[in-house]
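Everything on this sheet refers to the single structure shown next.
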Amino acid sequence: MPIEKFNTIESTCVPLPVENIDTDQIIPARYLKATSREGFGNNLFRDWRYENDDPNKPKKDFVLNNPKYKGNILVAGKNFGCGSSREHAVWAIYDYGFRVVVSSFFADIFKNNALNIGLLPVQVSETFLAKIFSEVEKDVNCKLKIDLEKQEIQILSTGDKEKFEINNFKKMCLLKGYDDIDYLLSIQNKIENFEKHRKDAYFMV
Amino acid sequence: MKGKTLFDKIWDAHVVEHIENGPDVLYIDRQLLHEVTSPVAFLGIEKRGINVFRPKQSIATVDHNIPTINQHLPIKDLLSRSQVDKLAENCNRHGITLYGLNHPYQGVVHIIGPELGLTQPGMTIVCGDSHTATHGAFGCVAFGIGTSEIEMVLASQCIMQPKPKKMKINIDGNLTMGVTAKDIILYIISKISASGGTGYFIEYTGSAITSLSMEGRMTVCNMSIECGSRGGIIAPDETTFAYIKNRQYAPKNDKWEKAIEYWKTLKSDVDAVFDKELSFNASDIEPMITYGTNPGMGMEINGIIPEYNNPTYLKALEYMGFKPGQKLIGHPIDYVFVGSCTNGRIEDLRLFAQIVKGKKKADNVTAWIVPGSKQVEKQAIEEGIDKILKEAGFELRQPGCSACLAMNDDKIPAGKLSVSTSNRNFEGRQGPGARTILASPLTAAAAAITGKITDPRMFL
């Protein structure tokens with residue numbers, strides 16, 4: 001489906017300074033039984049969020065249950081999104097209300113999945129990540145600004161800035177709200193031509 | 001010009017279009033589908049009002065979300081049942097072959113691909129599951145994708161991917177007694193960490209790799225994703241060809257001859273350039289276990305949990321109930337799980353049976369032995385493995401992913417410690433609050449018999 005256009009975001013953030021957060025933590029397998037894309041946000045970080053899997057018993061020390069922290073930017077430790085390829089993980093983060101995840105390192109499949117639905121993964125240096133965590137610790141209202149056009153993230157209270165990488169094609173898709181399938185459908189002739197002229201396709205009967 | 005790696009040769013042969021400063025449009029030869037990650041992709045193409053572009057190049061089965069007992073009865077969990085029914089409906093509507101529940105070819109998607117000869121050298125293979133890396137054992141480029149990408153393949157038989165970097169991991173030498181393919185990969189991940197392979201595609205080389213059976217090679221490639229790598233690949237050789245020959249989907253007659261001729265060209269050139277190269281000695285590898293909550297937290301079975309002062313590391317140990325400096329040998333366990341796309345093949349069941357034969361399951365252990373497919377189940381029964389298990393106090397369940405991800409009822413209870421032949425020891429992976437130690441089928445068997453972490457070599 002077409003993705004929401006992304007340009008700049010200015011928001012407070014939710015800090016989760018844990019490394020190697022895998023997609024089973026983001027959304028446990030037992031919550032993958034739906035056949036549509038809606039509603040996964042309710043189960044985001046399900047087992048870190050609730051005692052005994054009971055939504056009436058929020059774990060007080062978990063950041064999503066602390067009303068002080070809000071905003072549509074999630075900031076997490078390195079190797080975020082490792083493990084399973086379940087796209088439900090990015091659906092859950094997006095459905096909960098996040099539009100950006102900041103980390104010092106992302107797992108590959110997670111990063112692709114995020115970009116494909118319009119959730120922006122912003123990879124920063126370890127130093128910059130540590131700076132964000134320490135600023136948020138000082139002041140929960142500290143805001144981050146993410147400018148996709150300039151490929152730049154800024155901590156507004158301190159003015160600290162850093163550039164981030166994104167490939168041009170994906171950047172254009174996010175800025176304009178295009179998705180890959182529109183593009184692939186537009187080059188169908190080229191794909192058919194490729195099929196006709198392959199030399200190694202003996203096994204395709 | 002510098003030579004090409006095996007990975008380059010296959011990838012480059014599948015590039016339909018290269019987008020400057022962007023991804024490649026990569027042609028996909030085969031897509032494998034299962035019930036959990038596909039429904040939203042089918043929904044997507046239907047919303048766009050388009051048909052599946054190449055329905056014959058996708059094959060589906062059910063595995064993640066099905067019970068592993070009483071498969072002849074309707075699935076009790078209504079959500080699971082509706083997901084399984086949805087896959088049947090989607091496959092039927094779009095003309096895709098489905099090996100559903102009770103079909104003799106049903107099984108864990110990465111077990112049935114190779115078993116049916118769907119997996120062949122030189123191909124590009126994708127599936128909405130990160131352990132698609134398994135198929136790389138046959139010298140093909142295989143990797144897991146998300147649901148949006150499944151939709152792309154349904155719509156166009158292509159996906160858009162930036163080309164990964166290439167890493168070579170060479171392992172020479174002989175494995176010592178009691179050391180299996182599972183120990184090799186757990187050893188590698190413990191050395192390079194759970195993120196050491198991110199951004200790379202790994203080619204495994206060396207005599208310790210080429211001397212493995214196809215099933216062992218699959219175990220190694222399967223867990224490539226556990227160090228962050230999208231996939232692993234092993235150059236095809238006579239072992240590969242012998243495995244594929246005469247399988248249902250294997251090329252036949254003169255097509256076979258042509259295939260072999262092409263497959264023999266699939267190897268890295270001697271002057272191929274890798275972005276990173278690592279080398280290990282097979283003789284240094286001992287039976288391995290994990291002690292933490294990611295597969296990189298592994299050590300030799302008689303080892304001591306290392307000490308690091310990192311909050312994430314300490315949080316992981318706290319979850320596991322272990323302490324830095326602790327030994328795990330002799331530590332009591334509660335559950336044993338044998339199965340999954342990592343270790344649910346016939347050779348894995350044979351290894352397990354070899355140790356438990358003539359002995360009795362420990363009273364404190366609950367064990368689930370889950371074959372990877374209907375064909376593995378059939379073979380195990382033909383070989384009498386089911387009887388060996390029964391006499392030792394175990395039972396063979398029915399094929400599925402089971403307690404590897406605990407999506408069905410096969411959940412390890414909170415706080416219980418499981419020795420598992422699966423691939424992930426993440427918090428709650430085998431059930432909320434469950435604690436997982438990853439190990440080989442031999443180590444799992446030794447633990448099942450003694451009720452504690454035990455060096456399997458004492459039974460060999």
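For clarity, every value in this text was computed on a predicted model and none was experimentally measured.
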Original post:
At a heavy-atom separation under 4.5 Å, does B:Asn294 approach chain A through its side chain, its backbone, both, or neither?
Top reply: side chain
Subject >> Under-4.0 Å salt bridge between B:Glu89 and B:Lys86 >> reply: yes
Original post:
Contact part of B:Ser148 toward chain A, heavy-atom cut-off under 4.5 Å: side chain, backbone, both or neither?
Top reply: both
Subject >> Proximity breakdown for A:Asp180 and chain B, heavy-atom pairs closer than 4.5 Å >> reply: both
Original post:
Is there a donor-acceptor pair under 3.5 Å between the side chain of B:Ser229 and the backbone N or O of B:Gly231?
Top reply: yes
Subject >> chain A contact via B:Pro432 - which portion, at a heavy-atom distance below 4.5 Å >> reply: both
Original post:
chain A: which of B:Asn65, B:Ile225, B:Leu43, B:Val15 shares the most heavy-atom pairs with it under 4.5 Å?
Top reply: B:Asn65
**OP:** Give, as side chain, backbone, both or neither, the part of B:Val25 having an atom under 4.5 angstrom from any heavy atom of chain A.
**Re:** side chain
**OP:** Measure A:Tyr31 against the heavy atoms of chain B and call it side chain, backbone, both or neither at under 4.5 Å.
**Re:** neither
Subject >> Atom OH of A:Tyr50 with >12 non-hydrogen neighbours under 6.0 angstrom >> reply: yes
**OP:** Under 4.5 Å, counting heavy-atom pairs only, tell me which of A:Ile166, A:Asp53, A:Asn167 racks up the most with chain B.
**Re:** A:Asn167
Original post:
Do you know which of B:Asp129, B:Thr37, B:Leu87 has the most heavy-atom pairs with chain A at a distance under 4.5 angstrom?
Top reply: B:Asp129
**OP:** Measure the spacing between CD of B:Gln157 and OG1 of B:Thr124 and express it to the nearest 0.5 Å.
**Re:** 8.0 Å
**OP:** Flag the one option from A:Leu185, A:Asn112, A:Asn20 with the top tally of heavy-atom pairs under 4.5 Å to chain B.
**Re:** A:Asn112
Subject >> Options B:Glu226, B:Met160, B:His64, ranked by heavy-atom pairs under 4.5 Å with chain A, top entry >> reply: B:Met160
Original post:
Any salt bridge between A:Asp47 and B:Arg429, counting N to O under 4.0 Å?
Top reply: no
**OP:** Name the region of B:Phe53, side chain, backbone, both or neither, that has any atom closer than 4.5 Å to a heavy atom of chain A.
**Re:** side chain
**OP:** Check whether A:Lys190 gets within reach of chain B through its side chain, its backbone, both or neither, counting any heavy atom under 4.5 Å.
**Re:** both
Original post:
So with a 6.0 Å cut-off around NZ of A:Lys150, is the heavy-atom count from everything else above 12?
Top reply: no
**OP:** Tell me, out of B:Gln83, B:Glu149, B:Arg54, B:Glu20, who's got the most heavy-atom pairs with chain A below 4.5 Å.
**Re:** B:Gln83
**OP:** Step through the shown structure and confirm whether more than 12 heavy atoms of other residues, nucleotides or ligands are within 6.0 Å of NZ on A:Lys5.
**Re:** no
Original post:
Considering residues at least two apart in sequence or located in another chain, which fulfil the salt bridge (Lys or Arg N to Asp or Glu O under 4.0 Å) criterion with B:Lys163?
Top reply: B:Asp8, B:Asp12
**OP:** Using non-hydrogen atoms and a 4.5 Å limit, figure out which bit of A:Gln25 sits close to chain B: side chain, backbone, both or neither.
**Re:** side chain
**OP:** Look at A:Lys171, A:Arg30, A:Lys111 and state which one has the largest set of heavy-atom pairs under 4.5 Å with chain B.
**Re:** A:Arg30
**OP:** Under 4.5 Å heavy-atom distance to chain B, tell me which part of A:Ile191 shows up: side chain, backbone, both or neither.
**Re:** both
Original post:
In this structure, are over 12 heavy atoms from other groups packed under 6.0 Å from A:Lys163 atom NZ?
Top reply: yes
Original post:
Which bit of B:Ile19 comes within less than 4.5 Å of chain A, counting heavy atoms only: side chain, backbone, both or neither?
Top reply: side chain
Original post:
In terms of heavy-atom contacts, does OH of B:Tyr308 have more than 12 from other residues, nucleotides or ligands at under 6.0 Å?
Top reply: no
**OP:** Taking heavy atoms only and a threshold strictly under 4.5 Å, list by residue number the residues of residues 86-101 of chain A that touch chain B; give 'none' if the list is empty.
**Re:** A:Arg86, A:Glu87, A:His88, A:Trp91
Original post:
For B:Gln248, does the CD atom have more than 12 heavy-atom neighbours from other residues, nucleotides or ligands under 6.0 Å away?
Top reply: yes
**OP:** Pick whichever of B:Cys158, B:Pro311, B:Ala250 has the most heavy-atom pairs under 4.5 Å with chain A.
**Re:** B:Cys158
Subject >> Electrostatic pair B:Arg230:A:Asp108 at N-O distance under 4.0 angstrom >> reply: no
Subject >> Largest heavy-atom contact set with chain B, pairs under 4.5 Å, which of A:Ala107, A:Ser36, A:Cys82, A:Pro17 >> reply: A:Ser36
**OP:** Pick whichever of B:Gly199, B:Gly428, B:Gly228 has the most heavy-atom pairs under 4.5 Å with chain A.
**Re:** B:Gly199
Subject >> Pairing residues for B:Ile260 by the side chain to side chain contact (heavy atoms under 4.5 Å, CB included) criterion, not counting sequence neighbours >> reply: B:Phe241, B:Trp256, B:Trp263, B:Lys264
**OP:** Taking the six-membered ring of B:Tyr200 (Phe, Tyr or Trp), confirm whether the NZ or CZ of B:Lys165 is under 6.0 Å from its centre and within 45° of its axis.
**Re:** yes
Original post:
Sub-3.5 Å donor-acceptor pair from the side chain of A:Glu162 to the main-chain atoms of A:Glu152, do we have one?
Top reply: no
**OP:** Below 4.5 Å from any heavy atom of chain B, which atoms of A:Phe110 appear? Answer side chain, backbone, both or neither.
**Re:** neither
Subject >> Region of B:Leu405 in contact with chain A, defined by heavy-atom distances below 4.5 Å >> reply: both
Subject >> Which atoms of B:Glu35 approach chain A - backbone, side chain, both or neither, heavy atom under 4.5 Å >> reply: neither
Subject >> Residues that B:Glu257 engages under side chain to side chain contact (heavy atoms under 4.5 Å, CB included), provided they are two or more places apart >> reply: none
Original post:
A:Asn72 and A:Ser11: side-chain donor and acceptor closer than 3.5 Å?
Top reply: yes
Original post:
Considering all heavy atoms of both residues, which atom of A:Phe169 and which atom of B:Pro23 are nearest to each other, and what is their separation?
Top reply: CB-CD, 3.5 Å
Original post:
Given that the side chain runs from C-beta out, which part of B:Asn423 has a heavy atom under 4.5 Å from chain A: side chain, backbone, both or neither?
Top reply: neither
Original post:
Given that the side chain runs from C-beta out, which part of A:Asn168 has a heavy atom under 4.5 Å from chain B: side chain, backbone, both or neither?
Top reply: both
Original post:
What part of B:Ile145 gets closer than 4.5 Å to chain A, counting heavy atoms only: side chain, backbone, both or neither?
Top reply: backbone
**OP:** Give a yes or no on whether a salt bridge exists between B:Glu318 and B:Lys315, defined as a side-chain N under 4.0 angstrom from a carboxylate O.
**Re:** no
